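A, B, ... follow the sequence lines: proteins, then strands. Residue 1 opens every chain. From a predicted model like this one, the values you see are computed outputs, not experimental measurements.
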Amino acid sequence: MASPLDMADERRLERLSAMLRRRGVVLPAFDIYGGVSGLIDYGPVGAAIRRRLTQKWVDHWLSHGDIVEIDSPTITPESVLIASGHVGEFNDLMTECKGCGSVFRADHLVEHLHPNADSLDSDSIDNLLGSEVKCPSCSESVWTPAQPMNLMFSTRIGAMSTGRTAYMRPETAQGMFMLYPALYRHFRQKLPFGAIQTGKGYRNEISPRQGMIRLREFNMAELEYFIDPEYPPAADLNRRTEIVTLVPDPDGPYAGDSRMGFGAALDAGIVRHPTVAWFLARTWDFLVEVGINPAKIRFRQHASTEMAHYAADCWDCEIHGEHGWIECVGIANRTCHDLESHEAHSSAKGLRAWRQFAEPRSQTLDRLAPNGAVIGPTFKAESDAVVSALEALTDLPDSLPFELTLADGKTVTIVEGMVERRTETTNVSGEWFTPHVIEPAFGIDRIIWHVLDHAYEEAEKEGEDYTFLRLVEGISSVDCVVLPLFDKDGMPELAREITGAINALPGARAEMDSSKSIGRRYARADEIGVPWALTVDHTSLEDGSVTIRRRDDQVQVRAFVEEILIRLSNETMQEFF
RNA sequence: GCGUCCGUGGUGUAGGGGUAGCACAAGAGGUUUCCAACCUCUUAGCCCGGGUUCAAAUCCCGGCGGACGCACCA
C-alpha cells in the first residue's frame, strides 16, 4: 500500500543519519572499539535535545497535579520480575534447525502436538520436536536442544557466590509498583493518583536494527496511573477538536482505519476505557508539543492475540517516519495484574485502596456463633479448625445436628449447645480493593528519532542544497546562537557578553559562533535546529541592539538585548515578528 | 541467530598487491558592512585480529559494525 507517506527519497535516511553523526546529535556508541550494535551515544547536541524533551515530558504529566515523579534502581532483584511475569515471559525456549540454521520459538513449533505448549519444559519440547516436526523453511526435522533465550541482562547483587540473581530492568514500571504503599500514603489514601519515572531500560535484543528504533539500552518514560475501576476518571473529551487516525482491533467489530475525535471514539466504544481515552489524548498533546507532525500519528489497538501478558487492553501510538510506522508509546490498561501479583509474591499485604461507601451499608449476617466452652473440650486440638470452619460457613444448616467439613477435609458433627444461631447487623463503611493501573509508556529515543525525522527538511537555497532542522522552540539544543558579524572591532566581546547574559537566564541556552562567514554560521545553526540567531553588527556597538533572525523564514528584526532577555525568559521570541 | 551485499579522513567518495587521491566540513591567518564567497596554510583516513606474500587498504579466514531479507521484537 503506497501512500504518499511511503514515497520518501530512499537516500534521505542516509543523509539524515550522516548529519546526526557529523553534528554530534546521535552516534554509534563505543565506535573507536568497533561499536556495539543496539547501543548509541547522544552527542553534545543530542544530549541537550534529549534532556529538554524528557523535561517537557515530566512537566507535561506533573501539571496534572495528581501525578508525582519517582526514581528507582535499574538493577532489579529476580523475585520482582518473577512476580511481574517478566522472567517467565522472557524465557522463551528457542531451537535451531540443523538443516538450514533457522531459529524458531520451540513452543510455536509444537503447538499442534500439545494443548499447552508454552508451559512445557525443554526436555518435553525436545521429545516432541524429535518426532515429526518439520522446519518451516527447509522441511528438515533435526533440531538443536531447546534453550531458554532470556531477553533480560542478568547480573548478581553481591560479588561472591551467595549473591542474589538480578536483572537490569526491562521497564521502569516495576519501580512505581514497588512504591505503591508510599504513593498511597503520599496522596492521603485517595485515588486516582499517578507516578512517573524516566530512565534507562534494558533488553538484550537478538538483532537490534534500524538505528535508534530497537536499542539494547534505551530511555523510557512511564506513567502508572492508579484508579478505582468502578469510578474511572475521565476528562471531557468532547471539547477537543482534533481528528485523529485510529486503527482498532482487527478482530473486533470496528476493524479498519477510522478518523475521528477522541470523544467520539470513546462514545462509539472503540476506545473501551474512559481513562485510556483521556491518556490517548494527552499523549497526542505531548507529541504535538514536542514537534511530531500530527499527520504522522496514529493510534493502533492491539489485537487480543498480541496483547502483552499483563494487559487487558492496549493501544500503541505509532509515528510514521523513515522506518515506517513505529510504536513509540504504548497505552495499556494493566488492570490489577501487577499489584495483585506483587501482593501474592511478596510480603506486602497492603497493595490496595479503600473505597468508602457513600452511605455506610448495614449488613445483616446470619451466623452460627461458636461456643468455645463446649467446642474446646469436645474437639481439643481441632477446636481452632472447627471454629474457623464455622466462621467460614455461608450456607447455614436448617437444623442441628449437622456435619461440618473442616479445611483439611475431615468431617465433624456439630450438635446443640456448641453453637448459637445469631442474626447480627453491622455497619460497613467501605471496602478494600486492588486499584487498576493505566500505563502510558513512552519510548523516548524513538520519539526523539521521529522529532528529528519530522524536523529534517532538505531544501535548496540559491541553487545549493540546504538543510533545516525545524525543531520547535524549547527542544533545540540551544535557544539561540550569538554571531559577531565580524571577528573584530569589539563585536566578539559584545557577543560574548550577550551569550553570558542569556545563559544566566534559568533554562535558556545560547552559544556563540564566530568562525567563517555569517552565511555559513546561519547554515550551521539551521542544520541543528537552533530557532534564533542574534547578530552583533556595527549598530550593536553604537546602541546595543542586535538583529534577531528567525530560522524558519530567515526574516530578521532588530531589538535591544534587554527586551530579548525578557522574551527569552518567557520561552519564545515569536512576539518580535 | 542464518543468508546476501558492504566497511577508505568528521561527512561523501575514488583507487584495488608496491608513495592513498578528490570534494565538502573543521582549525589558523587574510579578506569581507548579514545568508554555505574568495585566497594562503594546516589538521585528518584504508573497522579489528590472524594468514598468504619480499610487500596487504587491496587476496584468504575469523571477529566487530552497517544495509536488506528470514526469524525474533513479551
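Nucleotide B:U52: unpaired (no Watson-Crick or G-U wobble partner with both distances less than 3.5 Å). Of the nucleotides present, B:U4 is the one that pairs with B:A67 by Watson-Crick or G-U wobble criteria, both distances under 3.5 Å. Across all strands shown, B:U40 forms a Watson-Crick or G-U wobble pair with B:A28, both key distances being under 3.5 Å. Across every strand in view, B:C73 sits unpaired, with no contact that passes the Watson-Crick or G-U test at under 3.5 angstrom. Judged by Watson-Crick or G-U wobble contacts below 3.5 Å, the nucleotide B:G21 has B:U13 as its partner.
Separating the CZ atom of A:Arg22 from the P atom of B:G10 is a distance of 13 Å, rounded to the nearest angstrom. Rounded to an integer number of Å, the gap from A:Ile32 CD1 to B:G10 C1' is 15 Å. The interatomic distance linking A:Glu14 (CD) with B:G66 (C1') rounds to 10 Å, in whole Å. The nearest whole Å value for the distance from the NZ atom in A:Lys488 to the P atom in B:C34 is 12 Å. B:U11 atom P lies 17 Å from atom CZ of A:Arg15, rounded to whole Å. The CD-P distance, from A:Glu322 to B:C68, rounds to 11 Å in whole Å. Residue A:Leu483 contributes atom CG, which lies 13 Å from atom P of B:A36 at whole-angstrom precision. Taking atom OH on A:Tyr33 and atom C1' on B:C47, their separation rounds to 14 Å, with Å as the unit.
For A:Ser517 and B:U32, the shortest distance from a side-chain N or O to OP1 or OP2 is not below 4.0 Å. Considering only side-chain N and O atoms, A:Arg21 lies under 4.0 angstrom from the phosphate OP1 or OP2 of B:G12. In this structure, A:Arg203 does not reach the B:A74 phosphate: none of its side-chain N or O atoms is under 4.0 Å from OP1 or OP2.
Remark: side-chain polar atoms of A:Glu14 are not paired, donor with acceptor, to backbone N or O of A:Arg11 under 3.5 angstrom.
The cationic group of A:Arg300 does not satisfy the cation-pi geometry with A:Trp325, failing either the under 6.0 Å distance to the six-membered ring centre or the 45° limit from the ring axis.
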Checking side chain to side chain donor-acceptor pair (under 3.5 Å) for the pair A:Glu473/A:Trp532: CA distance, chi angles, key distance, verdict?
CA-CA 9 Å; A:Glu473 276 184 278; A:Trp532 310 108; 3.0 Å; yes
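No hydrogens or angles were tested; on distance alone, a donor-acceptor pair under 3.5 Å links the side chain of A:Gln556 to the base of B:C34. Counting atom types as modelled, A:Arg214 pairs a side-chain N or O with a base atom of B:C72 as donor and acceptor under 3.5 Å. Below the 3.5 angstrom threshold, one finds no donor paired with an acceptor across the side chain of A:Arg549 and the base of B:C34. In terms of polar N and O atoms assigned as donor or acceptor, the side chain of A:Tyr522 comes within less than 3.5 Å of the base of B:C34 in a complementary pairing. For B:G69, its base sits under 3.5 Å from the side chain of A:Arg209 at one donor and acceptor pair at least. Side-chain to base pairing of A:Ser207 with B:C72: no donor and acceptor N or O lie closer than 3.5 Å to each other.
Across A:Trp57, A:Phe279, A:Phe218, a single residue satisfies ring-ring contact (aromatic ring centres under 6.0 Å, His included) together with A:Phe442, and that is A:Trp57.
Rounded to a whole angstrom, the distance from the C1' atom of B:A44 to that of B:A20 is 13 Å. Separating the C1' atom of B:G21 from that of B:A57 is a span of 13 Å, rounded to the nearest Å. Nucleotides B:G49 and B:U42 have their C1' atoms positioned 34 Å apart, rounded to a whole Å. Atom name C1', nucleotides B:C59 and B:U53: the rounded distance is 10 Å, in whole Å. Comparing B:C47 with B:A37, their C1' atoms sit 38 Å apart, to the nearest whole Å. Straight-line distance between the C1' atoms of B:G3 and B:C72: roughly 16 Å, to the nearest whole Å. The same atom, P, is picked in B:G1 and in B:G63; the two are 9 Å apart, to the nearest Å. Straight-line distance between the C1' atoms of B:U58 and B:U19: roughly 15 Å, to the nearest whole Å.
In summary, the side chains of A:Thr165 and A:Arg156 do present a donor paired with an acceptor at a separation below 3.5 Å, with no hydrogens or angles considered. Side-chain contact check for A:Ser545 and A:Arg558: at least one donor-acceptor pair (N or O, by modelled atom type) lies under 3.5 Å. Of the N and O atoms on the side chains of A:Asp537 and A:Thr535, not one donor lies less than 3.5 Å from an acceptor on the other residue.
Here A:Ser515 lies in heavy-atom contact (under 4.0 Å) with sugar-phosphate atoms only. Counting any heavy atom pair closer than 4.0 Å across all strands shown, A:Gln554 reaches a base atom. Nucleic acid contact for A:Phe486: base, since at least one base atom lies under 4.0 Å from a heavy atom of the residue.
Taking every side-chain heavy atom of A:Lys516 into account, B:G27 is the closest of B:C34, B:A37, B:G27. Nearest nucleotide to the side chain of A:Asp537, out of B:G10, B:G12, B:C34: B:C34. Residue A:Ser37 has its side chain nearest to B:G66 when only B:G66, B:U11, B:C35 are considered. Candidate nucleotides B:G12, B:G1, B:A74 were compared by shortest atom distance to the side chain of A:Ile206, and B:G1 ranks first.
Ion pairing between A:Asp249 and A:Arg272 holds under the 4.0 Å rule for side-chain N and carboxylate O.
Where A:Glu205 and A:Gly35 meet RNA chain B, the nucleotide closest to each residue was compared, and A:Gly35 sits on the side nearer the 5' end. Remark on RNA chain B: of its neighbouring residues A:Met19 and A:Ser540, the 5'-side contact belongs to A:Met19, judged by nearest-heavy-atom nucleotide.
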